[in-house]
Amino acid sequence: MCGIVAAVAAGGDVRAAVLAGLKTLEYRGYDSAGMAVLHDGAIQVRRKMGKIAALEEELARDELPPSSLAVAHTRWATHGAPADRNAHPHRDDRDEVVVVHNGIIENYVELRERLAAEGHVFSTETDTEVLANLVGARMRELGDLHAAVRAALEEVEGAYALVAMAVSEPGTLVAARMDSPLVLGVGKDGRYAASDMPALLGLTRDFVVLENHETAVLHADSHVVHGPDGAPLERGVTRCDWTPEQAERGGFPHFMLKEIHEQPDVLARTAFDRCRDTEGDVDFEDDFGLDDEALRSLKRLRFMAMGTSLHAAMLGQRLLAELARLPGETLNASEFLYSPPLDEGDALTVVVSQSGETADSLRALREVKERGGRVLGICNVRGSSLAREADHLVLTHCGPEVGVASTKAFFGQVVALYLLAIRIGRARGVLDVARGQQLLHDLRALRHQLEGLFKEEALAPVRAAADYLAGVRSCLFLGRALGHPVALEGALKLKEVSYIHAEGYPAGEMKHGPIALIDADFPVVAICTPGRVRAKMVSNLQEVRARGGKVIAVAAEGDTEVAAAADFLLPVPEVPELLAPLVDSVPLQLLAYETALRLGRDIDQPRNLAKSVTVE
Ligand code: AGP
């Protein structure tokens with residue numbers, strides 16, 4: 001899950017623009033980075049283990065010469081440990097070609113052995129160096145970089161987004177894509193390529209999304225996309241409505257905190273234009289493409305996703321059951337591939353993904369389609385693979401999410417699923433106009449109620465609980481019904497950014513084993529907000545306290561009964577039960593953030609993680 005960026009411009013110097021683009025991609029991988037330029041007929045490379053800041057120090061110490069052509073890369077290691085030698089860009093052994101690559105070449109060992117037998121010399125453990133030598137060899141046969149890249153890729157198995165440049169073609173970049181994301185930027189001063197659009201927002205807002213098996217030849221004033229058969233293709237330009245500022249921290253110390261604070265706006269951006277208050281209904285954009293008849297014909301739903309999106313999907317399943325009386329199941333996308341084929345006829349599969357590029361979720365989507373099923377994508381990135389391959393689409397309008405730990409995207413997904421439940425409930429006659437109007441009214445009212453979560457009186461208890469939690473090694477998150485996926489998500493957030501072991505559990509399950517873990521050093525975080533399950537949750541708190549366990553409880557402001565049963569109470573405004581997950585998850589996001597802050601963790605780029613997991 002690396003980040004790549006490249007530029008070719010008419011004269012001038014692209015080094016700074018490429019480095020700026022690379023920095024916005026750091027969330028994709030941050031164990032080493034590098035840049036290469038073409039200058040005076042030679043390839044020059046600078047690369048360094050560690051964050052992009054280490055590369056900047058290296059560039060300050062040993063500057064790259066100015067160039068109108070450059071490629072750069074930030075790495076999340078798959079083949080070859082994080083080290084200077086394994087950092088990208090990678091050249092061929094004759095310094096004629098240089099490549100940056102995101103993905104995995106599955107048959108690289110076999111190719112490497114063959115190339116070594118042909119006399120090629122390797123100096124790294126990476127699969128990408130094999131690619132560079134393959135392109136170099138083909139280049140010497142074919143004398144054309146585009147032809148060489150296409151010929152080399154015919155021998156490659158696996159996933160790739162790559163950009164190559166060659167000494168013999170100083171004004172050319174060649175890009176190629178298979179399963180890993182790659183967009184082309186169309187600017188007035190140049191052409192660009194990158195793993196995602198935010199990396200190029202400082203240069204252009206006009207993009208061409210490269211599809212699988214496509215290649216592109218970029219020159220400063222032109223770009224040609226070639227199809228799987230090599231023939232040139234007419235490809236339209238997509239305008240990105242995100243602003244460069246949205247991809248910046250905006251004065252917050254971390255993207256995670258900025259994105260947590262953006263959630264009231266995410267609610268407005270994702271929902272308010274779609275609410276039809278008079279009809280008590282919801283209107284999605286054309287991408288949705290499911291009319292009442294289609295929605296009435298549905299017999300069941302299957303939700304699939306990974307990580308935080310999986311927790312949103314679990315909430316979606318419950319909301320659709322509650323408001324549309326549609327039965328469903330939620331599956332971990334990577335497990336779906338091994339499930340026996342069932343009749344897909346009357347089912348709709350809902351794939352939820354922030355990035356739209358998660359390999360496990362995309363494989364599951366393609367498997368459903370292969371089995372004859374239909375897929376509705378809930379996604380945050382227009383132009384992503386999910387957005388393009390799903391039969392039906394609902395975009396969450398969260399703006400770019402940069403913090404590796406997903407927060408506002410989870411929120412946007414749950415809002416979109418709540419809207420979906422209303423739309424299907426209305427179409428199937430389960431909800432009448434009045435009920436629909438009430439549900440929309442409640443949603444609109446939430447925006448103001450959310451603001452209260454960022455007031456000092458709500459933040460102070462979170463900080464106090466974080467002071468305590470920063471001292472523990474392990475804990476349990478408990479919730480019931482809609483609170484269960486919220487507990488799973490709270491536990492995931494804490495794990496991701498603080499590295500404290502945390503498990504989310506349905507509270508009823510506690511007595512069947514996990515209660516054995518509870519003692520003075522093993523606390524419980526519990527979701528005890530108003531609704532059908534609150535009383536049962538209060539009993540669970542007392543069971544924990546009876547065994548000396550500390551309790552951190554999310555509960556309604558002024559809930560004295562919960563306050564009496566908890567050591568720390570994280571207050572939330574009282575909202576309708578179906579909307580509680582949107583409110584309850586915020587103090588849990590802040591708790592994880594504040595705990596990680598106290599432990600001095602790298603909150604936006606936690607160890608071993610990457611924002612978009614593009615390999616299985
Ligand atoms: C969540 O904080 C993590 N970044 C991770 O679990 C993430 O949710 C998962 O990889 C799915 O990503 P997606 O939503 O982009 O598909």
Side-chain angles (χ1 to χ4, degrees), residues 2-26 32-75 84 87-92 94-101 128 132 135-136 139 145-146 149 162-175 182-195 198-206 216-223 244 247-248:
C2 310
I4 62 178
V5 58
V8 52
D13 179 2
V14 297
R15 293 172 303 165
V18 165
L19 192 60
L22 193 65
K23 284 185 192 164
T24 73
L25 290 172
E26 193 162 34
S32 56
M35 183 191 290
V37 299
L38 269 190
H39 185 76
D40 284 355
I43 296 168
Q44 296 217 24
V45 176
R46 304 286 184 276
R47 49 193 186 170
K48 202 72 191 146
M49 179 172 164
K51 300 242 171 151
I52 294 173
L55 173 64
E56 287 181 292
E57 280 165 28
E58 176 68 11
L59 290 170
R61 195 183 60 72
D62 180 11
E63 196 182 12
L64 278 169
S67 175
S68 59
L69 196 70
V71 296
H73 183 279
T74 182
R75 187 172 188 237
D84 291 359
H88 294 218
H90 285 289
R91 284 162 289 195
D92 71 320
R94 309 210 186 158
D95 283 353
E96 292 170 353
V97 166
V98 64
V99 172
V100 287
H101 165 232
T128 306
V135 173
M139 188 74 185
L145 181 59
H146 182 229
V149 168
L162 70 87
V163 181
M165 59 187 195
V167 167
S168 57
E169 295 186 30
T172 307
L173 291 176
V174 169
L182 194 63
V183 297
L184 309 179
V186 181
K188 58 181 174 19
D189 308 320
R191 294 294 185 276
Y192 316 101
S195 298
L200 301 174
L201 284 175
L203 297 161
T204 180
R205 311 250 315 258
D206 295 323
V217 179
L218 308 183
H219 296 300
D221 56 2
S222 69
H223 62 279
E248 280 145 21

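Any value given below was found using the heavy atoms of this structure, including those in side chains, with hydrogens, waters and symmetry copies removed.
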Ion pair check, Lys23 and Glu26, cut-off under 4.0 Å: no
side-chain contact (heavy atoms from CB on, under 4.5 Å) between Leu200 and Thr24, intermediate numbers included: CA-CA 9 Å; Leu200 301 174; Thr24 73; over 6 Å; no
Distance-minimising heavy-atom pair for Ala193 and Val163: CB-CG2, 4.0 Å
Electrostatic pair Arg94:Asp92 at N-O distance under 4.0 angstrom: no
His39 side chain to Pro66 backbone, donor-acceptor under 3.5 Å: yes
Minimum heavy-atom distance between Met165 and Ala36, given as atom pair plus value: CE-O, 3.5 Å
Nearest heavy-atom neighbours spanning Leu64 and Val45: CD2-N, 4.1 Å
Sub-4.5 Å side-chain heavy-atom contact between Val167 and Ile43: yes
Interatomic spacing from CD1 in Ile4 to CG in Leu22 - rounded to 0.5 Å: 10.5 Å
Gap separating the CG atom of Leu69 from the NE2 atom of His219, nearest 0.5 angstrom: 10.5 Å
Shortest non-hydrogen separation from Pro89 to Val98 and the atoms involved: CB-CG2, 3.4 Å
For the student: nearest non-hydrogen atoms of Asp84 and Lys48, plus distance: OD2-NZ, 3.1 Å
Check against side-chain contact (heavy atoms from CB on, under 4.5 Å), Leu19 and Leu55: CA-CA 10 Å; Leu19 192 60; Leu55 173 64; 4.2 Å; yes
Euclidean distance, Ser32 OG relative to Arg75 CZ, rounded to 0.5 Å: 5.0 Å
Heavy-atom closest contact (Ala33 atom, Ala87 atom, distance): O-CB, 4.1 Å
Non-hydrogen side-chain atoms of Thr128 and Val99 separated by less than 4.5 Å: yes
Note, Arg191 side chain near Leu173 side chain (heavy atom, < 4.5 Å): no
Identified side-chain hydrogen bond (donor to acceptor under 3.5 Å, both in side chains) partner of Glu63 from the options Gln44, Arg46, Arg15: Arg15
Interatomic spacing from CG in Leu162 to CG in Leu182 - rounded to 0.5 Å: 8.0 Å
Straight-line distance of His146 NE2 to Glu169 CD, nearest 0.5 Å: 10.5 Å
Steps toward side-chain contact (heavy atoms from CB on, under 4.5 Å) verdict (Thr172, Val8): CA-CA 7 Å; Thr172 307; Val8 52; over 6 Å; no
Pairwise side-chain contact, Arg47 with His90, heavy-atom cut-off 4.5 Å (strictly under): yes
Side chain proximity check, Val37 to Val18, heavy atoms < 4.5 angstrom: no
Donor-acceptor contact present, side-chain Ser68 to main-chain Gly12, <3.5 Å: no
